[in-house]
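Following: one structure in structure tokens, then a few remarks.
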Amino acid sequence: SMSFAWAEQRHACRGRITDGEGLPLECATALLAGILTDTNNFANSVYPSTYTAVSALQARGVDRDALYDEIFRSYSACRMRLMGHLLKDNMRVVPPGVAYFTLSAACKQEYSFVKGDSEGFVNLPLSIKDIRMSAFFTEEADFVKVSLRSKGNLDVNEFAHKYCNGGGHKNASGGKLYMKIDQVPEYFEGKVMGIELPKSVTMKVVDTPPAFKGDTVTGGGKPATLETGLVVTVPVFVEPGEMVVVDTRTGQYLERAKK
């Protein structure tokens with residue numbers, strides 16, 4: 001038997017390299033599966049030619065709806081519980097507009113993790129306003145697997161090549177780190193501080209203690225939890241529901257957002 005690899009960076013994903021014409025149905029189905037997964041169900045790295053390829057594959061007879069159900073709607077209850085745990089207790093948001101998770105071997109064991117259970121987790125933080133880059137780190141036997149995603153012009157391919165022994169596409173890349181999982185946060189946060197992002201972002205205050213009489217006279221501040229989970233110190237007059245401007249370089253409150 002013989003195997004080979006074929007890659008062209010100009011294409012959005014592996015499945016886009018061919019248009020499906022004349023392919024056996026089994027191969028055409030595998031190619032459409034590659035497009036669905038590599039583009040996160042058409043959420044990134046999608047061009048007009050991508051849709052042209054999908055149309056040709058469906059014309060070949062691929063059942064897109066059945067394939068979607070098999071890929072995205074066949075997870076276990078343990079997988080859903082793991083996702084909830086990571087979002088609630090493990091996701092970290094750092095000032096440059098970056099969010100990330102770490103998945104340890106112990107956590108995988110606790111949630112009966114099987115290969116594929118974390119598929120798509122790296123994309124979840126990108127639904128948060130002002131988050132432009134997301135990373136997911138998974139502890140493996142001899143290394144830490146890295147998955148990177150981004151919005152707009154932030155190039156995670158360059159970041160992966162430079163800091164994570166990897167590469168990929170502009171908005172979707174991967175790599176490996178040869179360190180312990182508990183060393184990843186310090187390493188990663190140190191590297192993302194150099195990313196060029198907006199100098200400030202506007203976020204909603206979701207929770208902050210009420211001001212008491214005399215507080216405005218004495219000045220000072222109080223903690224406020226923002227919509228991303230970031231906790232900053234704000235003036236005592238700031239209330240839940242207000243929009244505030246935060247410095248992405250320091251993570252500090254700057255001012256109330258102008259209406």
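Since the model is a prediction, treat every value here as computed from it, not as a measurement. Reckoned from all heavy atoms, side chains included, excluding hydrogens, waters and symmetry mates.
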Hey, quick one: are Val114 and Phe121 part of the same hydrophobic cluster, counting side-chain heavy atoms closer than 4.5 Å, chains of contacts allowed?
no
In short, salt bridge (charged side-chain N to carboxylate O under 4.0 Å, His left out) pairs touching residues 45-59 with sequence neighbours left out are none
Could you tell me whether the side chain of Leu226 reaches within less than 4.5 Å of the side chain of Val231, counting heavy atoms only?
no
Across all chains, not counting sequence neighbours, the side chain to side chain contact (heavy atoms under 4.5 Å, CB included) partners of Ser147 are Val122, Phe136, Lys145, Arg149
Decide yes or no for Leu148 and Met133: does some side-chain heavy atom of the first lie under 4.5 Å from some side-chain heavy atom of the second?
yes
For Ala59, side chain to side chain contact (heavy atoms under 4.5 Å, CB included) partners two or more places apart
none
Under the 3.5 angstrom rule, does the side chain of Thr208 hit a backbone N or O of Pro223 as a donor-acceptor pair?
yes
Taking NZ in Lys222 as the centre, count heavy atoms belonging to other residues, nucleotides or ligands within less than 6.0 Å. Is the count above 12?
yes
Quick note, side chain to side chain donor-acceptor pair (under 3.5 Å) partners involving residues 107-118, not counting sequence neighbours, are none
Taking atom CE of Met179 as the centre, report whether more than 12 heavy atoms of other residues, nucleotides or ligands fall under 6.0 Å from it.
yes
For the residue pair Lys151 and Asn171, establish whether any side-chain heavy-atom pair is separated by less than 4.5 Å.
no
What are the two closest heavy atoms between Leu67 and Ala33, and how far apart are they?
CD2-N, 3.6 Å
Please tell me if the side chains of Leu103 and Phe137 come closer than 4.5 Å, counting only heavy atoms from C-beta onward.
no
Closest contact, heavy atoms only, Leu32 versus Gln58
CD2-CG, 4.4 Å
Quick one: does Val246's side chain get under 4.5 Å of Leu254's, heavy atoms only?
no
Given the rule in the side-chain contact (heavy atoms from CB on, under 4.5 Å) test, do Thr50 and Ile35 qualify, once you have shown the distances and angles that lead to the verdict?
CA-CA 8 Å; Thr50 309; Ile35 293 175; 3.9 Å; yes
Under the 3.5 angstrom rule, does the side chain of Thr39 hit a backbone N or O of Ala43 as a donor-acceptor pair?
no
The remaining residues in the hydrophobic cluster of Phe143, counting side-chain heavy-atom contacts under 4.5 Å among Ile, Leu, Val, Met, Phe, Trp and Tyr, are Tyr178
Glu139 side chain to Val144 backbone, donor-acceptor under 3.5 Å
no
Got Ile71 and Thr37 here, is their nearest side-chain heavy-atom distance under 4.5 Å?
yes
Is a side-chain donor or acceptor of Thr29 paired with a backbone partner of Leu25 at a separation under 3.5 angstrom?
yes
Are Asp63 and Asp65 close enough that some pair of their side-chain heavy atoms sits under 4.5 Å apart?
yes
Got a list of side-chain donor-acceptor pairs under 3.5 Å for residues 86-97, not counting sequence neighbours?
residue	atom	partner	partner atom	Å
Asp89	OD2	His85	ND1	3.4
Asn90	OD1	Thr102	N	2.8
Asn90	ND2	Thr102	O	3.1

CG of Leu36 to CG of Asn41: how many Å apart, nearest 0.5 Å?
5.5 Å
Considering non-hydrogen atoms only, spot the tightest contact between Leu82 and Cys107 and give its length.
CD1-SG, 3.8 Å
Got a sec, which residues hit side chain to side chain contact (heavy atoms under 4.5 Å, CB included) with Ser173, two or more places apart in sequence or on another chain?
Val156, Asn157, Ala160
With Asn165 via side-chain hydrogen bond (donor to acceptor under 3.5 Å, both in side chains) - residues at least two apart
none
Taken in chain and number order and not counting sequence neighbours, the residues that satisfy salt bridge (Lys or Arg N to Asp or Glu O under 4.0 Å) with Glu255 are Lys258
Within-4.5 Å side-chain heavy-atom neighbours: Thr225 and Val205
no
Between Val245 and Val206, is there shared hydrophobic-cluster membership here, with clusters defined by ILVMFWY side-chain heavy atoms closer than 4.5 Å?
no
Can you list every pair that meets side chain to side chain donor-acceptor pair (under 3.5 Å) and has a residue in residues 69-84, with sequence neighbours left out?
Asp69-Arg73
Can you measure from SG (Cys164) to NZ (Lys176) and round to the nearest 0.5 angstrom?
13.0 Å
Residues 180-194 side chain polar contacts: donor-acceptor under 3.5 Å, at least two apart:
residue	atom	partner	partner atom	Å
Gln183	OE1	Lys180	N	3.0
Tyr187	OH	Tyr163	O	2.6
Glu189	OE2	Tyr100	OH	2.5

Applying salt bridge (Lys or Arg N to Asp or Glu O under 4.0 Å), can you list everything that pairs with Arg256, at least two apart in sequence or on another chain?
Glu242
As an exercise, state the distance from CG of Leu177 to CD of Glu140, rounded to the nearest 0.5 Å.
12.0 Å
